[in-house]
Amino acid sequence: MPELPEVEALAGYLRERAVGRRVERFEVAAISALKTYDPPPSAVAGRAVTGAGRHGKFLDVRFGEGLHLVVHLARAGWLHYREAFPSAAPLRPGKGPIAVRVRLDDGSGFNLTEAGTQKKLAAYLVTDPALVPGVGKLGPDALEADLATFGAQLRSRRGQVKGVLTDQSVLAGIGNAYSDEILHAAKLSPFAITDRLTDDQLATLHAATRAVLGDAVRRSMGQRAAELKGEKRSGLKVHARKGLPCPVCGDLVREVSFADSSLQYCPTCQTGGKPLADRRLSRLVR
Ligand SMILES: [Zn+2]
């Protein structure tokens, strides 16, 4: 699932490649992916791409004054930039992975795609990004929050730190993968309770958040969209590395499974060597 660093890199790629180009066609193949009907998709044609940015994990493509395409890529969504499309024929609504296609005036453009049968990708054409329900409720940006803001946000929500870190209304941009990495870097148990964290632990967690996300952004920027997933995987120390040695201490990375997700951690680095119990029947508290 793309998180803050990948979405930042996708926005960076669009700023470099697409800004200044005029939209020839805005095609919607997966009707259910477009969550808005006003302004209509036809409003985008003829406009120029004037910018690209991000709100938490939401990508924001701007088409001049008062027109934004805001996208939440969800678990299996992605943006594929194409220097050329194989055919000029319009997309046919149907079952394929392409949800939306934006064709630009130099023949290039991008597809928003989603793999698998669970369709969660959400695209919104809006006059103001704040009109997107998820964007309006976002907390401060995880990469930009200073220590005071970060600490106040985390302490405002009592719960397991793993769940609180990934709550987009507390901090925007962190998902399942980078929360595992941040907690590992901070040497904190995923089940530590937020309002019991000491000032020192909060400062360490804040520094780890900046370091992990900042590093991932630096590694991701300038990468073509197609290479981002590999880049993300290569930088991970514990996430999705169950059974492999922790690169810091050599202990084996363990996993806690929930009904709908899982987390990975290093016992030696994070829980005083004690393995955490499996919670297969419960949900990760958010
Ligand atoms: Zn370790």
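For ligands, and for the atoms within them, numbers begin at 1 and follow the listed sequence. In what follows, residues are counted from 1 in the order of the sequence shown.
For the Zn ion (ligand 1), the set of nearby N, O or S atoms under 2.8 Å includes none belonging to His184.
Between the SG atom of Cys246 and the SG atom of Cys266, the angle taken at the Zn ion (ligand 1) works out to 110° after rounding to 10°. Rounding to 10 degrees gives 120° for the angle at the Zn ion (ligand 1) between SG of Cys249 and SG of Cys269.
A salt bridge is defined here as a Lys NZ or Arg NE, NH1 or NH2 lying under 4.0 Å from an Asp or Glu carboxylate O, and Arg157 with Asp167 meets this definition. The pair Glu181-Lys237 fails the salt-bridge criterion, with no side-chain N (NZ, NE, NH1 or NH2) lying under 4.0 Å from an Asp/Glu carboxylate O. A salt bridge does not link Glu8 with Lys57: every distance from a Lys NZ or Arg NE/NH1/NH2 to an Asp or Glu carboxylate oxygen is 4.0 Å or more.
The aromatic rings of Tyr81 and Tyr13 lie perpendicular to each other, with more than 60° between the two planes, well past the 30° mark.
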